[in-house]
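Hydrogens, waters and symmetry mates play no part in the numbers below; they use all other heavy atoms, side chains included.
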Amino acid sequence: MTRLIELMDRVDRATLTLVSAPAGYGKSMLVSHWSESRERPCAWVSLDEADSDVGLFLRYIVAAVQRVAPGSCEEVAGLLQAANLPPGPVLARTLANELDELDAPVVLVLDDYHRIEPESNVHEFLWFLLEHPPRSLRLVLATRNDPPLPIGSLRGRGRLTEVRLRDLRFTASETAEYLERSSGVKVSKEALANLAQQTEGWIVALRLVSIHLQHVDDPGALLKRLHGGIQHTREYLLEEVLDRLPTRNR
């Protein structure tokens with residue numbers, strides 16, 4: 001986790017930090033741990049499909065920013081109360097101007113950004129902010145897939161930090177440390193090597209392994225027997241772990 005926290009510390013160097021990987025690789029957990037390590041709190045919004053409405057989306061952003069910077073964004077908050085919502089560019093420009101007036105940088109985390117519908121105007125609104133970035137704003141997107149934003153353009157201009165699947169996979173040493181801490185089990189390098197090959201560093205699989213190891217007599221032998229790749233290993237672990245749970249907990 002230390003390695004990943006250090007990777008996230010690059011947030012302050014870029015307009016956008018993209019944390020992108022499939023489900024179960026600990027994106028939200030990583031960003032949460034990182035945000036807790038900072039001296040200043042982050043403005044955090046957890047998204048769902050309903051937030052594809054740009055007005056609702058912006059209300060949540062304003063509320064999150066105001067929690068960490070009281071008294072900010074009052075003009076855009078007023079615009080959001082209008083009977084007819086102003087056009088997206090007007091709202092984005094107003095928000096950008098107000099964020100520019102902040103004395104200290106604000107990190108805005110948008111978790112589960114993949115839940116925003118592909119055709120939503122939210123993407124256009126966000127792209128305006130990225131094209132005209134307030135000096136005080138650092139944006140973090142945690143998502144299962146890349147958003148419909150010109151990522152390549154930001155990358156080419158050096159305004160993008162990326163945390164990808166390859167970064168989120170647990171290394172052998174991190175896996176050993178995790179298993180010892182979570183299940184109290186130490187295993188051989190050979191067993192760890194096979195575990196890494198079968199799980200591909202997937203944190204959900206490692207969590208299932210740590211639960212299962214607490215109920216077997218020879219953890220090392222079990223880990224050496226794992227085979228068939230991540231799909232087979234996942235099915236096996238789910239069956240083994242779920243079979244041990246009381247019926248009411250399944």
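Here salt bridge (charged side-chain N to carboxylate O under 4.0 Å, His left out) pairs that include residues 43-71, with residues two or more places apart or in two chains, are E49-R115. Pairs passing the salt bridge (charged side-chain N to carboxylate O under 4.0 Å, His left out) check and including a residue from residues 69-93, sequence neighbours excluded, do not occur. For the side chain to side chain donor-acceptor pair (under 3.5 Å) condition, the pairs that include at least one residue of residues 118-139, sequence neighbours left out, are Y113-H123, E131-R157. Sorted by first and then second residue, the salt bridge (charged side-chain N to carboxylate O under 4.0 Å, His left out) pairs with a member in residues 27-36 form an empty list; sequence neighbours excluded.
Residues F170 and L223 share a single hydrophobic cluster, defined by chaining ILVMFWY side chains whose heavy atoms lie under 4.5 Å apart. Residues I61 and L56 share a hydrophobic cluster, clusters being chains of Ile/Leu/Val/Met/Phe/Trp/Tyr side chains in contact below 4.5 Å. Transitive grouping of hydrophobic side chains (ILVMFWY, heavy atoms separated by less than 4.5 Å) brings V54 and L137 into a common cluster. V187 is connected to L195 through a chain of hydrophobic side-chain contacts under 4.5 Å among Ile, Leu, Val, Met, Phe, Trp and Tyr, so both are in one cluster. Note on V109 and Y25: same hydrophobic cluster, where clusters join Ile, Leu, Val, Met, Phe, Trp and Tyr whose side-chain heavy atoms are under 4.5 Å apart, directly or indirectly.
In this structure the side chain of S35 never reaches within 4.5 angstrom of the side chain of M8, judged on heavy atoms. Within the 4.5 Å cutoff, no side-chain heavy atoms of L18 are placed close to those of T161. Looking at I116 and L47, their side chains come closer than 4.5 Å, going by heavy atoms from C-beta outward. Put simply, the side chain of L141 reaches to within 4.5 Å of the side chain of L149, judged on heavy atoms. Using a 4.5 Å heavy-atom cutoff, the side chains of R164 and S20 are in contact. Looking only at side-chain heavy atoms (C-beta outward), L16 and I151 come within less than 4.5 Å of each other. For the pair L130 and L154, the minimum side-chain heavy-atom distance is below 4.5 Å.
Shown here are the salt bridge (charged side-chain N to carboxylate O under 4.0 Å, His left out) partners of R38, two or more places apart in sequence or in another chain: D12. Listed by chain and number, the residues in a salt bridge (charged side-chain N to carboxylate O under 4.0 Å, His left out) with E180 are K186 (sequence neighbours excluded).
Shortest non-hydrogen contact noted between P86 and L91 is O-CD1, 3.6 Å. Taking each heavy atom of Y60 and V45 in turn, the nearest pair found is O-CG2, 3.7 Å. Closest approach of G55 to L80, counting heavy atoms only: O-CD2, 4.1 Å. The minimum heavy-atom distance between S37 and I5, with the atom names listed, is OG-CG2, 4.2 Å. Of all the heavy atoms in G24 and I203, the pair that sits closest is O-CG2, 2.6 Å. Closest of all the heavy-atom pairs between A64 and A43 is O-CB, 3.5 Å.
Looking only at atom types and distance, the side chain of S32 has no donor-acceptor partner in the side chain of W34 under 3.5 Å away.
Taking CG of L58 as the reference point, atom CG of L79 lies at 9.0 Å (rounded to 0.5 Å). Here the OG1 atom belonging to T175 is positioned 12.0 Å from the CZ atom belonging to R169, to the nearest 0.5 angstrom. One finds the CG atom of L160 at 9.0 Å from the OG1 atom of T15 (value rounded to the nearest 0.5 Å). Put simply, CG on L30 and CG on L7 are 7.5 Å apart, with the number rounded to the nearest 0.5 Å. Considering CG of L208 and OG1 of T199, their distance stands at 10.5 Å, rounded to 0.5 Å. We find the CG-CD distance between L179 and Q214 to be 10.5 Å, quoted to the nearest 0.5 Å.
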Tell me, with the steps shown, if V106 and V68 meet side chain to side chain contact (heavy atoms under 4.5 Å, CB included).
CA-CA 8 Å; V106 168; V68 300; 4.3 Å; yes
With salt bridge (charged side-chain N to carboxylate O under 4.0 Å, His left out) as the test, would you mind laying out the steps for E162 and R155 before giving the verdict?
CA-CA 9 Å; E162 298 176 81; R155 185 186 296 120; 2.8 Å; yes
Starting from the C-alpha separation in whole Å, work towards a yes-or-no answer on side chain to side chain contact (heavy atoms under 4.5 Å, CB included) for L110 and L126.
CA-CA 11 Å; L110 301 179; L126 209 58; 4.2 Å; yes
Walk me through it: do T17 and L139 pass the test side chain to side chain contact (heavy atoms under 4.5 Å, CB included)?
CA-CA 6 Å; T17 296; L139 185 62; over 6 Å; no
Would F57 and S52 satisfy side chain to side chain contact (heavy atoms under 4.5 Å, CB included), going step by step from the backbone distance to the final call?
CA-CA 7 Å; F57 175 82; S52 298; over 6 Å; no
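Under a cut-off of 6.0 angstrom, the local environment of CZ in F128 is crowded, with over 12 non-hydrogen atoms contributed by other residues, nucleotides or ligands.
Checked against C73 for a side-chain contact (heavy atoms from CB on, under 4.5 Å), the options T94, V65, L102 give a single hit: V65.
With hydrogens and angles disregarded, no donor-acceptor distance shorter than 3.5 Å links the side chain of T143 to the backbone of D146. Judged by distance alone, the side chain of R3 and the main-chain N or O of D167 form a donor-acceptor pair under 3.5 Å. In this structure, S153 contributes its side chain and P150 its backbone to no donor-acceptor pair below 3.5 Å. Formation of a donor-acceptor pair under 3.5 Å by the N194 side chain with backbone atoms of A191 is not found in this model.
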